[in-house]
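A quick write-up on the structure given underneath.
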Number of protein chains: 2
Amino acid sequence: MHEDAPAEHFCILIQGSAKLYKLLPDGRRQIVGFGYAGSFLGVSAPEYYAFSAEAIEPIRMCRPSRRGLLRLLSDSDAMRQRLFEVAVNKLVLAQEHMVLLGRKTMIERMASFLLFQAKRPQPRGVLPPRIHLPMSRGDIADYLGVTLESVCRSLAKLAKCGVIALPNVHEVIILDLSRLETLAHGASRECVS
Amino acid sequence: MHEDAPAEHFCILIQGSAKLYKLLPDGRRQIVGFGYAGSFLGVSAPEYYAFSAEAIEPIRMCRPSRRGLLRLLSDSDAMRQRLFEVAVNKLVLAQEHMVLLGRKTMIERMASFLLFQAKRPQPRGVLPPRIHLPMSRGDIADYLGVTLESVCRSLAKLAKCGVIALPNVHEVIILDLSRLETLAHGASRECVS
DNA sequence: CGTACGGTTGAGTCCAATCAAGCAGCGTGG
DNA sequence: CCACGCTGCTTGATTGGACTCAACCGTACG
């Protein structure tokens, strides 16, 4: 799915995960969100896609044609209702993301990101305090509006002071949830070293 | 209108302008958008307001109760349709804003902001290449995710190299639109000094 | 005339970016 | 099986752009 391409299909993710992003002419990238099983992609597509999307893991999806979707919408009140809810929900998330990008420090961004991921239902086999992150460090960086190196450093810092553990590259264990929450909302800019 | 307060009213701006923002516990503020005559406020309010809103100039507005709105929605197909379009449009703007906050430099942010304002229909008496900015420097700063001082400096820089003129604090004249566009999209990080 | 407030400008600091080197996992092929 | 190279991740050193702190300006208003 490519930004500015005509929006011929709607898309519902059944399995796997994807990244949704926008590019600047010189290649700088901002990931505006991730899609997971159950996510609706292409809601913000009146005529042309507003962003590009790419799979992170192998995915399965349902991709009705735009015409088919419109027919579905005109038939079903419930479907219309649901789609509106999805759009509103995305809007609320986007506003939260703007605060993160505009006003939070590196550590606050990382803490917020981890908390957000922790609140999502994890794939089977991954238990609560453990988070599975399918995306690369570079993807996380472009989501948080920082560099890949800064992502590494902030993760290392959080690990060093015992807030999280990093058993392997794609997994995080939250050791001290309340501290992570304090850091995320940045109440007091407290020391993490 | 206050973040996290129960969303009892919907709100449509008739005249004037407002800022929509979210606060962090320590007072840092991110303006997530501005509202102008015709704007729908409170779309992203399923139960509680997702953000705070405050008038910039004296305003007139239509503020139906939540119940009244719901009745209106169940009656009118066109109204439902319109509200969905508004939400989708806000979502697209939010994604654009995320790119600005996460990936653009100071000058690019200011150029993008000015262009966005330039594309809005201006209040009567203000002709095309001239933009009226009702908000304060601090408001612009919180919209762009920078400090008030950086806003001043970037405006001064753009003025010094002849891209814009600043007849007074609340007005900007665009002298070189194409250069402003180049700067906004940051194709080449070209020099502005 | 004096104060207050928003805006502008300057000097110095700091956090994250950049540049650079090194490491770990892993599939490939000798 | 292991050396090889590739890719993605980590860590260190240095730089730089925006922030912070501070002084100053100008307009509005009592």
Side-chain angles (χ1 to χ4, degrees), chain A residues 19 24 26-30 54 56-57 100-113 132-161 164-172 183 186 189-193, chain B residues 19 24 26-30 54 56-57 100-113 132-161 164-172 183 186 189-193:
Chain A
K19 52 195 174 195
L24 287 175
D26 65 356
R28 276 174 288 171
R29 183 178 67 154
Q30 177 63 46
E54 209 171 291
I56 293 172
E57 312 167 281
L100 183 150
L101 293 171
R103 286 300 178 212
K104 292 193 180 179
T105 65
M106 186 58 246
I107 287 286
E108 287 163 5
R109 290 177 201 219
M110 182 52 73
S112 304
F113 172 69
H132 178 71
L133 303 173
M135 66 293 280
S136 73
R137 297 294 193 248
D139 289 341
I140 299 177
D142 285 348
Y143 179 79
L144 299 180
V146 297
T147 59
L148 162 167
E149 293 94 325
S150 293
V151 169
C152 283
R153 279 187 244 276
S154 57
L155 279 173
K157 207 176 216 174
L158 288 174
K160 200 169 67 177
C161 66
I164 61 171
L166 300 165
N168 67 66
V169 211
H170 286 291
E171 230 132 311
V172 177
L183 288 171
R189 284 184 191 256
E190 74 190 49
C191 185
V192 215
S193 57
Chain B
K19 50 194 174 195
L24 288 175
D26 66 355
R28 277 174 286 171
R29 184 178 67 156
Q30 177 63 47
E54 210 170 291
I56 292 172
E57 312 166 281
L100 183 151
L101 293 171
R103 287 297 178 216
K104 292 195 178 177
T105 65
M106 185 59 246
I107 287 286
E108 286 163 8
R109 291 178 199 217
M110 182 52 75
S112 304
F113 172 70
H132 178 70
L133 303 173
M135 68 292 281
S136 73
R137 296 296 192 246
D139 290 340
I140 298 176
D142 286 346
Y143 179 80
L144 299 180
V146 297
T147 57
L148 162 167
E149 292 94 326
S150 293
V151 169
C152 283
R153 279 186 244 276
S154 57
L155 279 172
K157 206 176 217 174
L158 288 174
K160 199 169 68 178
C161 66
I164 60 170
L166 299 165
N168 67 66
V169 211
H170 287 289
E171 232 133 309
V172 177
L183 288 171
R189 285 183 189 258
E190 72 190 51
C191 184
V192 214
S193 58

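Throughout, protein chains are lettered first and strands after them, A, B, ... in sequence-line order, and every chain is numbered starting at 1.
Going from atom CG of B:L101 over to atom CZ of B:R109 covers 6.0 Å, rounded to the nearest 0.5 Å.
Residues forming a side chain to side chain contact (heavy atoms under 4.5 Å, CB included) with A:A159 (at least two apart in sequence, or on another chain): A:I164, A:L166. In this structure A:E171 satisfies the salt bridge (Lys or Arg N to Asp or Glu O under 4.0 Å) test together with A:R130, sequence neighbours excluded. Every salt bridge (Lys or Arg N to Asp or Glu O under 4.0 Å) that B:R29 has, sequence neighbours left out, goes to B:D139, B:D142. Annotation: side chain to side chain contact (heavy atoms under 4.5 Å, CB included) contacts of A:A165 (sequence neighbours excluded): A:I173, A:L175.
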What are the atom names and distances for every N/O pair under 3.5 Å that joins the protein to nucleotides 24-29 of chain D?
none

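Using a 4.5 Å cut-off on side-chain heavy atoms (C-beta onward), A:V172 and A:L158 make no contact.
Rounded to a whole Å, the CE atom of A:M135 is 16 Å from the P atom of D:dG8. In this structure, NZ of B:K104 is placed 19 Å from P of D:dG17, rounded to the nearest angstrom. Distance NZ (B:K157) to P (C:dT9): 13 Å, rounded to an integer number of Å. Protein atom CD of A:E108 is 12 Å distant from nucleotide atom P of C:dC15, rounded to whole Å. Per the geometry, CG belonging to A:L158 stands 13 Å off P belonging to D:dT10, to the nearest Å. When rounded to the nearest whole Å, the span between NZ of A:K160 and P of D:dT10 equals 15 Å. Between the CZ atom of B:R28 and the P atom of D:dC19 there is a distance of 12 Å, rounded to whole Å. For the pair B:L133 CG and C:dG6 P, the computed distance is 17 Å after rounding to whole Å.
Closest approach of B:E57 and B:H132 over heavy atoms only: OE2-NE2, 4.2 Å. B:R137 and B:V169 make their closest contact through NH1-O, 2.9 Å (heavy atoms, listed as atom of the first residue, atom of the second, distance).
Residues A:M106 and A:V169 both approach DNA chain C. Their nearest nucleotides, taken by heavy-atom distance, put A:M106 toward the 5′ side.
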Which atom pairs, donor and acceptor, lie under 3.5 Å between side-chain atoms of residues 146-153 of chain B and protein residues at least two apart or in another chain?
from: B:T147; atom 1: OG1; to: B:S150; atom 2: N; distance (Å): 3.4
from: B:T147; atom 1: OG1; to: B:S150; atom 2: OG; distance (Å): 3.1

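For residues 147-155 of chain B, proximity to DNA chain C is found at B:L148, B:E149, B:C152, B:R153, defined as any non-hydrogen atom under 4.0 angstrom from a strand atom.
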